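Working notes, structure below.
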Amino acid sequence: MSRTKGKAGLAGALHDKIKAKGFKCFLTGEPLSLDSFELDHVNPVVNGGKALDPDNLEAVTPEANKAKGTLEFEDFVQLCNKVARTHPM
């Protein structure tokens, strides 16, 4: 007997999470498209974050992901604030 499930597992959890956030970058708020987003580890794997934990993954633009690198989320936000204060636009 087979049962039909909706989206399940990691892919389904991530889809639901991204949809709930309005298909916007977690870091910048910019709109995401299916062909131009990456998954960022909020707590980087190199710092002990879980690689496949949906609670540790967020959809971001490639540019934002590159800028964040292996920084923890809080450290990245602090760095961005320092840069913005030093170079107001």
Side-chain angles (χ1 to χ4, degrees):
M1 179 175 188
S2 68
R3 294 188 310 177
T4 304
K5 290 184 178 181
K7 294 179 182 74
L10 180 60
L14 290 172
H15 176 271
D16 293 346
K17 186 177 196 177
I18 295 166
K19 183 178 177 184
K21 294 183 180 190
F23 296 101
K24 294 188 183 214
C25 175
F26 173 73
L27 296 171
T28 67
E30 296 173 287
L32 297 172
S33 66
L34 291 176
D35 60 349
S36 67
F37 78 91
E38 297 178 356
L39 292 176
D40 173 61
H41 293 96
V42 177
N43 179 13
V45 175
V46 298
N47 296 344
K50 295 180 181 175
L52 299 177
D53 180 354
D55 292 334
N56 191 39
L57 292 167
E58 293 289 351
V60 297
T61 64
E63 297 83 8
N65 199 25
K66 184 176 180 181
K68 182 177 172 282
T70 59
L71 291 173
E72 299 279 341
F73 172 72
E74 292 82 8
D75 295 334
F76 177 66
V77 171
Q78 288 176 1
L79 176 62
C80 289
N81 287 331
K82 287 179 187 177
V83 171
R85 281 191 305 271
T86 303
H87 303 282
M89 309 239 354

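Everything quoted here is computed from the prediction, not taken from an experiment.
Crowding of K50 atom NZ: a count of heavy atoms from other residues, nucleotides or ligands under 6.0 Å not exceeding 12.
For the pair V77 and N81, the minimum side-chain heavy-atom distance is below 4.5 Å. A 4.5 Å side-chain heavy-atom check between L57 and H41 finds at least one atom pair inside the cut-off. Here the side chains of V60 and K68 are not in contact, with every heavy-atom distance at 4.5 Å or above. With a 4.5 Å cut-off on side-chain heavy atoms, N65 and F37 do not count as touching.
Judged purely by atom type and a 3.5 angstrom limit, K17 uses its side chain to pair as donor or acceptor with the backbone of P54.
Summarising the geometry, atom CG belonging to L71 is positioned 11.5 Å from atom CG belonging to N43; distances are rounded to the nearest 0.5 Å. A distance of 10.0 Å separates CG of D75 from OG1 of T70, quoted to the nearest 0.5 Å. Here the CD atom belonging to E63 is positioned 9.0 Å from the NZ atom belonging to K66, to the nearest 0.5 angstrom. Between the CG atom of L14 and the CD atom of E58 there is a distance of 8.5 Å, given to the nearest 0.5 Å.
A continuous path of hydrophobic side-chain contacts links F76 to V83 [ILVMFWY only; heavy atoms under 4.5 Å]. Placement of I18 and L52 within a single hydrophobic cluster is found when ILVMFWY residues are connected by side-chain heavy-atom separations under 4.5 Å, directly or transitively. No chain of hydrophobic side-chain contacts below 4.5 Å, direct or via other Ile, Leu, Val, Met, Phe, Trp or Tyr residues, connects L27 to L39.
Across every non-hydrogen atom of G29 and K24, the tightest pair is O-CD, 3.4 Å. Across every non-hydrogen atom of S36 and L32, the tightest pair is O-CD2, 4.5 Å.
The aromatic rings of F73 and F26 are tilted relative to each other, their planes meeting at an angle between 30° and 60°.
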